[in-house]
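Notes for the one structure printed next.
Just so you know, these numbers use all the heavy atoms, side chains as well, and skip hydrogens, waters and symmetry mates.
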Amino acid sequence: MLVEGKGTYVSANSNGLTRITTSSRALQQRLFSLLQRKQQLNLKSLSQIHAQILLNGFSRNKNFLLVNLLSFYIDSAHHLLHAHYVFKDIDSPSTAIWNQMIRAHARTQTPTKSFHLFNQMLLTVARPDAYTYSFLLAACTSLLSLRQGQQVQAKILADGYYSSNVFLMSKLIHFYAAAGGDCAGIDYAHRVFDDMAERNVVSWNTMLAGYMRCRNLVGARRIFDEMPERNVVSWTTMISGYAKNGKCKQALNLFDEMRRDPVELDQVVLMAALTACAELGDLILGRWIHSYIQKTFVGSNQRVSVSLNNALIHMYASCGMIEEAYETFRWMPERSTVSWTSLITAFAKRGYAQEALQVFHLMQTVEARPDDITFIGVLSACSHAGLVDDGREFFKDMIRCWGIKPRIEHYGCMVDLLSRAGFLDEAQDLIETMPIKPNDAVWGALLGGCRIHSNAELASHVSQKLKVELDSDKAAGYLSLLAHVYATAEKWQDVAAVRQKMVAMGAKKPAGRSWIQINEVVHDFVASDRTHKNTSSIYEMLGMITWQAKLEGYKSSISKVLSSDVDE
């Protein structure tokens with residue numbers, strides 16, 4: 001459609017352009033109809049519609065056309081500059097129109113403009129309503145401005161919306177929980193929550209999410225237990241929060257409760273449960289979730305999100321089921337960079353370096369762009385397989401071909417690769433020339449190479465670097481490793497000195513940990529633990545295994561270190 005003049009427009013059809021003269025009412029209806037066809041309109045067509053509205057004087061008493069045009073610019077095209085052109089042509093904008101403009105800016109990189117518009121609005125006959133304040137609170141949340149949020153709260157109170165409007169009060173809770181800084185805002189949020197005359201499940205969930213955002217698991221659990229009504233969001237918030245904060249047993253216990261509750265399991269909560277399964281090695285529950293996905297979503301032709309399939313790959317890989325991880329990947333209808341990276345990392349961690357690199361090469365043939373995490377997996381695969389030349393090339397390509405700036409993890413992988421392969425001087429040079437300050441993991445990788453290749457002299461140099469960097473909690477593992485290097489070189493006085501330092505620092509090496517799943521129960525084991533109910537049987541079996549290993553000629557590689565321990 002091309003607009004020509006007052007009461008006239010040109011319509012395109014199969015016979016070419018047809019000029020149509022119409023009445024004012026018919027033209028209004030025609031313009032309104034055109035504005036409903038958002039997908040068929042471009043910026044030029046919209047400008048012509050705008051011009052016709054102005055030429056025919058429709059902006060004076062037919063604001064609904066401009067309102068629709070304004071809505072199009074804000075919701076569909078995101079052309080705020082054009083939205084402002086339309087907005088200034090509207091005579092006496094209503095509260096709803098002001099709200100549209102305030103909302104539009106609240107979602108941009110310049111949310112402060114929402115407050116400029118609000119101040120202009122107060123100079124007109126239009127009065128702010130609950131939606132106005134909800135959009136202003138969204139702007140405050142974007143700005144993380146506690147002071148401005150408190151000013152909005154004062155306006156809400158003055159206009160009589162405080163306490164009585166559940167929707168607006170929930171927005172206020174969300175603002176305080178998100179914008180408090182160092183979780184100070186959660187106290188403000190709880191005061192608002194306590195002031196509410198009535199609450200719904202949304203307001204309870206908002207409070208629950210606020211506590212989880214602050215990692216206050218005790219407060220979150222208290223809110224969850226007090227909730228008079230729970231929905232899938234309530235359960236998902238708790239389970240996801242537990243999983244993200246390392247409380248995976250609690251996450252799965254709650255997931256079991258959710259399964260018994262008449263609440264539909266959505267894809268978000270299934271992702272959280274799979275994360276916990278991966279952490280705990282709960283393969284049985286992980287497989288049940290996979291079966292549930294196949295039956296509930298795939299069986300009814302519902303789209304399974306890429307993220308959920310990625311979580312399945314991660315779960316299977318963490319449980320050691322690399323073939324099942326690969327099959328999940330193979331049958332994915334669509335894949336993301338995370339999908340490819342998850343499989344590469346899975347192969348790398350299990351020692352399948354060649355398979356990891358094959359997947360990486362295949363990834364590039366389908367034009368999937370690797371990211372920095374992908375290259376951590378690739379370099380890790382090279383390290384485990386001793387592919388030094390390949391690792392060097394991948395590290396260069398990451399920078400040269402993909403424009404990815406190396407992170408500390410990439411340097412750590414390269415130091416580990418070079419150190420394992422015996423290129424200790426090159427590894428040391430890389431550390432000393434890297435543009436990032438090396439951390440304990442990087443120095444530790446070099447120290448690990450010193451142990452493998454019995455280089456006590458370089459190990460002493462590394463230990464001096466680590467002394468500056470480490471606290472007592474982190475130091476124990478590296479100091480034990482250093483003692484091992486000295487013992488291998490039969491430098492017993494140095495071994496004793498390291499042990500004495502550990503005692504003086506109060507450093508203790510973290511106990512080894514493992515677990516096994518039997519009959520759907522995950523059993524956790526910690527080195528030297530005596531609290532397990534089957535302690536006697538466990539240590540009896542360990543003794544039998546050790547005795548059998550010695551009969552087969554096994555000798556512990558740390559026997560020299562243990563024999564040289566100083567009295568503590």
Side-chain angles (χ1 to χ4, degrees), residues 78 232 236-237 239-241 243-244 248 251 265-279 283 285-287 289-350 352-382 394-395 397-410 413:
H78 302 292
V232 66
T236 301
T237 301
I239 294 169
S240 298
K244 288 177 181 177
C248 293
L265 303 178
D266 67 4
Q267 296 195 32
V268 179
V269 78
L270 293 175
M271 283 174 55
L274 285 170
T275 300
C277 289
E279 181 67 24
L283 181 61
L285 180 57
R287 280 178 169 155
I289 293 173
H290 194 179
S291 176
Y292 181 88
I293 292 168
Q294 294 291 326
K295 179 181 177 181
T296 306
F297 301 110
V298 178
S300 59
N301 293 320
Q302 294 184 54
R303 178 182 176 274
V304 177
S305 72
V306 177
S307 297
L308 182 55
N309 276 321
N310 291 343
L312 278 171
I313 294 172
H314 177 60
M315 182 276 297
Y316 279 128
S318 297
C319 293
M321 309 305 294
I322 195 69
E323 291 185 5
E324 291 181 63
Y326 174 70
E327 285 300 307
T328 302
F329 174 85
R330 195 163 71 89
W331 289 105
M332 287 177 68
E334 57 179 311
R335 303 175 183 125
S336 65
T337 295
V338 175
S339 313
W340 290 93
T341 300
S342 297
L343 190 62
I344 290 168
T345 304
F347 278 129
K349 284 184 176 180
R350 292 292 162 182
Y352 297 104
Q354 294 298 338
E355 288 80 357
L357 298 184
Q358 286 174 14
V359 173
F360 178 63
H361 289 306
L362 181 61
M363 176 185 185
Q364 295 172 82
T365 63
V366 298
E367 298 184 355
R369 182 178 178 83
D371 60 13
D372 55 338
I373 307 298
T374 311
F375 276 98
I376 291 175
V378 170
L379 293 174
S380 177
C382 293
F394 286 131
F395 188 72
D397 287 346
M398 178 182 74
I399 303 168
R400 183 176 54 208
C401 301
W402 297 101
I404 297 173
K405 185 178 180 181
R407 291 165 35 187
I408 192 71
E409 293 85 355
H410 299 108
C413 286

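- Among residues two or more places apart in sequence or in another chain, the side chain to side chain donor-acceptor pair (under 3.5 Å) test is passed with S240 by none.
- Not counting sequence neighbours, D266 has no partner by the salt bridge (charged side-chain N to carboxylate O under 4.0 Å, His left out) test.
- With sequence neighbours left out, the ring pair (Phe, Tyr, Trp, His ring centres under 6.0 Å) criterion links F329 to W340.
- Of all heavy-atom pairs between A353 and A381, the closest is CB-O, 3.4 Å.
- A heavy-atom distance below 4.5 Å is not found between the side chains of N309 and E334.
- The CG atom of L283 sits 9.0 Å away from the SG atom of C277 when rounded to the nearest 0.5 Å.
- Residues meeting the side chain to side chain donor-acceptor pair (under 3.5 Å) test with S300, sequence neighbours left out: Q302.
- A distance of 10.0 Å separates CD1 of I376 from CD1 of I404, quoted to the nearest 0.5 Å.
- Taking 4.5 Å as the limit, every side-chain heavy atom of P333 sits out of range of all side-chain heavy atoms of V306.
- Judged by distance alone, the side chain of T365 and the main-chain N or O of L362 form a donor-acceptor pair under 3.5 Å.
- With values rounded to the nearest 0.5 angstrom, I239 atom CD1 is found 8.0 Å from L265 atom CG.
- Between atom CZ of residue F375 and atom SG of residue C413 there is a gap of 12.0 Å, rounded to the nearest 0.5 Å.
- Rounded to the nearest 0.5 angstrom, R369 CZ and Q364 CD are separated by 10.5 Å.
- Residues satisfying the side-chain contact (heavy atoms from CB on, under 4.5 Å) criterion with I408, sequence neighbours excluded, are M434, I436, N439, V442.
- Pairing each heavy atom of T328 with each of M332, the nearest pair is O-CG, 3.1 Å.
- A distance of 11.5 Å separates OG of S380 from CD1 of I344, quoted to the nearest 0.5 Å.
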Step-by-step side chain to side chain donor-acceptor pair (under 3.5 Å) determination, S339 to S336: CA-CA 5 Å; S339 313; S336 65; 3.3 Å; yes
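- Shown here are the ring pair (Phe, Tyr, Trp, His ring centres under 6.0 Å) partners of F347, two or more places apart in sequence or in another chain: there are none.
- Applying the salt bridge (charged side-chain N to carboxylate O under 4.0 Å, His left out) criterion to D397, with sequence neighbours excluded, gives R400.
- The ring pair (Phe, Tyr, Trp, His ring centres under 6.0 Å) check on Y352 picks up nothing, with sequence neighbours excluded.
- R335 is linked by a salt bridge (charged side-chain N to carboxylate O under 4.0 Å, His left out) to nothing, counting only residues two or more places apart in sequence or in another chain.
- For the pair H410 (side chain) and R407 (backbone), a donor-acceptor distance under 3.5 Å is present.
- A 6.0 Å sphere centred on CZ of F395 holds more than 12 heavy atoms belonging to other residues, nucleotides or ligands.
- For the side-chain hydrogen bond (donor to acceptor under 3.5 Å, both in side chains) with T341, the lone residue among D372, N310, T374 that qualifies is T374.
- Scored by the salt bridge (charged side-chain N to carboxylate O under 4.0 Å, His left out) test, E324 finds R287 as partners (sequence neighbours excluded).
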Mind listing the side-chain donor-acceptor pairs of residues 312-323 below 3.5 Å, one per line with the distance, residues two or more places apart or on another chain?
residue, atom, partner, partner atom, Å
Y316, OH, H290, ND1, 2.8
S318, OG, H314, O, 2.9

Taking only distance into account, with no hydrogens and no angle test, what donor-acceptor pairs under 3.5 Å do side-chain atoms of residues 267-276 form with protein atoms, sequence neighbours excluded?
residue, atom, partner, partner atom, Å
Q267, OE1, S305, N, 2.9
Q267, OE1, S305, OG, 3.2
Q267, NE2, R303, O, 2.9
T275, OG1, M271, O, 3.0

